[in-house]
Amino acid sequence: MLTTFVGRARRAIKPALVIGVAALTTACASREQAAETGDPFEPLNRGIYTVNMALDDAVLEPAANAYTTVTPGPARDGVQNFMTNLNQPVVFANTLLQGNVRASVETFGRFTVNTIFGIGGVFDVASAAGVEQHQEDFGQTLAVWGVADGPFIMLPVLGPSSLRDGTGRFVDRYPHPLNWNAEYSQSTWAWGVRGLNGLDTRARAQGVFTTMESTAIDPYVQVRSAYRQLRASQIANENGDAFGELPDFSADYDEDE
Amino acid sequence: MFKTTLLAGLLACTTLLPAYAADASQAEDFVETQAQGVITVLQDMRAGEREMAEVKADFRDRINELADVDRITNFVLGRYRRGAEPATLEEFQTVFREFAINVYESELTNYSGQTLDVTGSVTRDENDWVVRSQVSGGPDGDVYEVNWRVQERDGTLKVLDAQVAGVWLAQTQREQITSVIGNAGGNIQAAIDTLCGRIQDQDADDYARVCEG
């Protein structure tokens, strides 16, 4: 019986494997250019980017604009403060994993003060008191541990990422308060908070979207480049070496570094 | 005899030294003065107090004072600059310059009427700095951090790149240009055509002058 099952499984898996490998090979950029840019899945990524932008045009941008129109500025600030505060356990876990004791203490202090005195984080009392805010995630922690970013990945809906940062994003779900309890994690309230966070994040990014649209030559590559630079900048800032690696502008420059 | 030799040596050393060697404070002063000047011109443009053509010409002059657009143009071509036909290279330089200046105009207009304060600098090399600045005073009350890559060449300071929100403009442009050319099998004309398309979106007059002229 076991032999029959294994045989059936093999027969089922083999064509699927062949199709999968073929799809992956097609999706992997065969061109030398794609390998040079650290984006071996460029054709697939471009396809996802096109769908993402269509989704943004049809749903996300209008929803974000409506949210901005109907929600007064102070209320939007409150939403942003609440979401930032809710993410502080993630930041705290990562500052610990990076061995940054000072940042851990400050983050713990921020979360405690803002949750209690800032009414669940709606008011950012800690910043008013001069406590520094940190932005750490597991992707950055992996970078601090020496893990390279790996191939560029365009995630559906969520946008630009990399193998390292995508993994980090998955891991960061666990220390987030919305996922502390499995049952509560799937509740309507928890999904409502996630939806509001997405809406608020998109609304705050409107200026960036407008700027990128007006300055783009190849919009997909622009997003890829901006994402990588931003992540490198976040990691370098943490290492105190923000301008260590900048390109050579010499007039006889003719080699890609 | 010794005195004469010493004098001759000193004279030779003085002659061999560069005519002008800038330091970090001069790079900071350069950014503060030149970048603020550009922002002020754009305020004139927005206020409509001067003739538009005059303000645009003034803006272009100030951009040329502030930034080394020729070096930026060569930079964005990356490895494709090597071996390019001189006529194609010249056409690319003309088209990219137009596109870049239009981008600077649209982006810096966001800062018109605001104040630029230099907050410090990082010396990367004896003639290479990153000048940090903050732009403030806008209607939303936000403070933007803008960093400027400044280099000295032949005694002249110029900006080569600007970083806003962690993203360097020229670096991003180079990745896009080289991608367009690479996807076209190394053909620089593809980048020229793409840039002309973008210029047409930006300003129809500029498109007619640069791409059809």
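Residue numbers begin at 1 in each chain, while the letters A, B, ... track the order of the sequences. These values consider heavy atoms only, across backbone and side chains, with no hydrogens, waters or symmetry-generated copies.
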- Task: Select one option (side chain, backbone, both, neither) describing which atoms of B/T194 are under 4.5 Å from chain A's heavy atoms.
- Result: side chain
- Neighbour count >12 (heavy atoms, 6.0 Å) for atom CD, B/E85: no
- Can you spot which of A/V221, A/T37, A/I217 makes a side-chain contact (heavy atoms from CB on, under 4.5 Å) with B/E175? A/V221
- Give a yes or no on whether B/Q134 atom CD has more than 12 heavy-atom contacts from other residues, nucleotides or ligands under 6.0 Å away. yes
- Note on the structure: So, the part of B/N147 with a heavy atom under 4.5 Å from chain A: the answer is side chain
- Query: Are the side chain of B/Q176 and the backbone of A/D218 linked by a donor-acceptor contact shorter than 3.5 Å?
  - Reply: yes
- From B/N102, B/V103, B/T172, residue fulfilling side-chain contact (heavy atoms from CB on, under 4.5 Å) relative to A/T215: B/V103
- Item | Which portion of B/A165 sits near chain A, non-hydrogen atoms under 4.5 angstrom | backbone
- Heavy-atom closest pair (B/S179 atom, A/R46 atom, distance to 0.1 Å) is OG-NH2, 3.6 Å
- Message: Please verify the inter-ring angle class for A/F243 with B/W168; under 30° counts as parallel, over 60° as perpendicular, anything in between as tilted.
- Response: perpendicular
- Under 4.5 Å to a heavy atom of chain B? For A/A232 that would be neither
- Return yes when atom CD of B/E145 has more than 12 non-hydrogen atoms of other residues, nucleotides or ligands closer than 6.0 Å, and no otherwise. no
- Message: For B/L195, which atoms come within 4.5 Å of any heavy atom of chain A: side chain, backbone, both, or neither?
- Response: side chain
- Enclosure of A/R169 CZ (heavy-atom neighbours >12, cutoff 6.0 Å): no
- Query: Roughly how far, to the nearest 0.5 Å, is the CZ atom of A/F249 from the CG atom of B/D161?
  - Reply: 4.5 Å
- Note on the structure: Checked B/R149, B/Q173, B/Q163, B/Q151 vs chain A; the most non-hydrogen pairs under 4.5 Å come from B/R149
- Task: Grab the two heavy atoms, one from B/F99 and one from A/A216, that are nearest each other, plus how far apart they are.
- Result: CZ-O, 4.2 Å
- Query: Counting only heavy atoms not in A/E213, do more than 12 fall under 6.0 Å of its CD?
  - Reply: no
- Heavy-atom distance under 4.5 Å between the side chains of A/M212 and B/V167, does that happen here? no
- Query: Just wondering, more than 12 heavy atoms not from A/Y67 lying within 6.0 Å of its OH?
  - Reply: yes
- Test item: A/L246 and B/V130 side chains (from C-beta on) under 4.5 Å apart, heavy atoms: yes
